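Just so it is clear, the model here is predicted, and its values are computed rather than measured. Numbering of ligands and ligand atoms starts at 1, following listing order.
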Amino acid sequence: AKERGKKGICVYSDDMNEEINRRLEITNELENAISQKEFYLNYQPKIDVRTGRVVGFESLIRWNSPRLGPVPPFEFIELAEQSGLIHMIGEFVLRESCQFVKRIMVDYGPLDDFRISVNVSAVQLLNSGFYQSFFRILDEAQVPYYMIGLEVTETAVMENKAYVCNQLEKFRAKGVHIYLDDFGTGYSSLNYLTMLPIDILKIDKSFVDHITVKHREYQVVKMILALASVFSFTTIAEGVETKEQLDILQEMDCHIIQGYYFSKPLLEVDAYKMVLERNPL
Ligand code: C2E
Ligand code: CA
Ligand code: CA
Ligand code: CA
């Protein structure tokens with residue numbers, strides 16, 4: 001923490017120095033991480049509660065830096081946004097995800113009830129080149145637009161509501177599915193929900209965590225699901241870790257479950273095996 005010097009001047013403590021150094025180091029190492037092929041993806045399955053089938057995956061980026069070791073996304077995404085590297089990282093994530101879709105299509109053909117979603121931050125959404133670059137990558141890979149989804153947070157949408165909504169509408173018009181991520185943690189009013197161009201609502205893990213023990217969280221999730229049904233949104237619960245949570249969510253008619261209970265994020269080979277196991281041809 002900061003310590004006060006004699007005349008009220010801030011003096012940096014060792015802790016703060018360390019923190020700043022770590023951020024500088026990460027920013028430096030990020031610079032060449034793409035060209036050095038230090039990134040790869042994990043895929044976390046989304047399971048249809050009723051059928052038990054895999055209805056898709058969420059792509060989650062992983063970075064194994066030779067100098068820093070594994071660095072979790074919460075440490076580097078923000079820094080990548082600040083340096084602008086997030087755009088190249090986003091393109092990498094999309095290209096890789098398209099390759100996985102193609103692998104699935106070899107066995108299953110195009111599927112309209114299966115898709116891979118990628119996370120996009122406000123910085124990406126607000127970039128004027130994002131839309132073009134997104135569809136160029138899908139076209140090059142020859143992946144149907146409806147097999148890719150975009151996960152956006154309420155907070156990202158609120159950065160510039162009019163522009164972002166307009167952009168999302170353009171993606172949707174082409175068949176791309178829009179997921180509203182971490183729902184319930186932002187500050188959007190119900191009024192916005194009627195205007196947001198989204199298809200799927202993801203209930204944040206923080207609600208799911210307490211659903212079995214806290215009456216309030218239980219009621220909030222119930223309310224969110226009722227709300228989603230009014231708008232005809234598909235619903236996903238994230239961070240589901242136990243059978244008890246699953247049972248309650250199933251009883252409440254939540255459509256899709258994501259979380260450690262079914263699977264941690266997987267390497268592509270293992271994600272692919274899971275599809276073969278759960279979705280008989
Ligand atoms: P998120 O979009 O909310 O992703 C869900 C996070 O929860 C992931 O963490 C996932 O590994 C973790 N998770 C899933 N199920 C469970 C569970 O049952 N229990 C627990 N304890 N955790 C669970 P991860 O992979 O560390 O990602 C953290 C955040 O980093 C993501 O949050 C997302 O906001 C961001 N992120 C990840 N990949 C990308 C990317 O490619 N681009 C961008 N812009 N952001 C990304
Ligand atoms: Ca997400
Ligand atoms: Ca989330
Ligand atoms: Ca979350």
Using a heavy-atom cut-off of under 4.0 Å, does the side chain or the backbone of Val118 touch ligand 1, or both, or neither?
neither
Looking at Glu151, pick out the N, O or S atom nearest to the Ca ion (ligand 2) and give its name.
OE1
Should one rank Tyr260, Phe74, Tyr179 by closest heavy-atom distance to atom 12 (C) of ligand 1, which comes out on top?
Tyr260
Suppose I only count heavy atoms of Pro265 and a 4.0 Å limit; which atoms of ligand 1 are within that range?
11 (O)
Is the closest N or O pair between Ser59 and ligand 1 shorter than 3.5 Å?
no
Atom indices of ligand 1, in the order listed, that fall short of 4.0 Å to a heavy atom of Gln124:
44 (N)
Between Glu96 and Lys102, does any side-chain N to carboxylate O distance fall below 4.0 Å?
no
Can you tell me which N/O/S atom of Asp181 has the shortest distance to the Ca ion (ligand 3)?
OD1
Under 4.0 Å, counting heavy atoms only: does Lys205 come that close to any atom of ligand 1?
yes
Could you tell me whether Ile77 approaches ligand 1 through its side chain, its backbone, both or neither, with non-hydrogen atoms closer than 4.0 Å?
side chain
Report the name of the N/O/S atom of Glu238 located nearest to the Ca ion (ligand 3).
OE1
Which is the closest N/O/S atom of Asp182 when seen from the Ca ion (ligand 3)?
OD1
Identify whether NZ of Lys or CZ of Arg in Arg62 sits under 6.0 Å from the centre of the six-membered ring of Phe39 and within 45° of that ring's axis.
no
For ligand 1, which atoms have a heavy atom of Gly259 less than 4.0 angstrom away?
15 (N), 18 (O)
Output field for angle at the Ca ion (ligand 2), Glu58.OE2 vs Asn119.OD1, rounded to 10°, should show 80°
Would Glu58 count as a contact residue for ligand 1, given that I'm defining contact as a non-hydrogen atom of the residue lying under 4.0 Å from a ligand atom?
yes
Record the part of Asp181 in heavy-atom contact with ligand 1 below 4.0 Å; permitted values are side chain, backbone, both and neither.
side chain
Looking only at distance, does Tyr261 have an N or O less than 3.5 Å from an N or O of ligand 1?
no
Would you check whether Pro72 reaches within less than 4.0 Å of ligand 1, judged by its heavy atoms?
no
When you measure from the side chain of Gln245 to the backbone N and O of Val208, does any donor-acceptor pair fall under 3.5 Å?
yes
Check the surroundings of atom CD in Glu140: do more than 12 heavy atoms from other residues, nucleotides or ligands lie under 6.0 Å from it?
yes
Tell me whether Met88 at atom CE has more than 12 heavy atoms from other residues, nucleotides or ligands lying less than 6.0 Å away.
no
Closest non-hydrogen atoms of Glu217 and Ser206, given as atom of the first, atom of the second and distance, are CG-O, 4.4 Å
Whether Trp63 and Phe76 hold their rings parallel, tilted or perpendicular, with breakpoints at 30° and 60°
perpendicular
Stacked cation flag Lys174 on Phe135, 6.0 angstrom / 45 deg
yes
Got an N/O contact under 3.5 Å between Glu241 and ligand 1?
yes
Under 3.5 Å, N or O to N or O, is Ile61 touching ligand 1 that way?
yes
Is Arg62 in contact with ligand 1, taking contact as a heavy-atom separation below 4.0 Å?
yes
Salt-bridge contact Arg172-Asp199 (side-chain N to carboxylate O under 4.0 Å)
yes
Identify whether the distance between the nearest side-chain nitrogen and carboxylate oxygen of Asp270 and Lys273 falls below 4.0 Å.
yes
Gln44 heavy atoms, cut-off 4.0 Å: which ligand 1 atoms fall inside?
14 (C), 15 (N)
Taking 4.0 angstrom as the limit and counting only heavy atoms of Asp182, give me the atoms of ligand 1 inside it, by number and element.
3 (O)
Closer than 4.0 angstrom: is that true for some heavy atom of Lys264 and an atom of ligand 1?
no
Over all atoms of both residues, closest heavy-atom pair of Gly90 and Gln124:
CA-NE2, 3.6 Å
Would you say the ring centers of Phe130 and Phe171 fall short of 6.0 Å from each other?
yes
Does Lys170 make a cation-pi contact with Tyr131 (under 6.0 Å, within 45 degrees of the axis)?
yes
How are the rings of Phe100 and Tyr43 set to each other: parallel, tilted or perpendicular (split at 30° and 60°)?
tilted
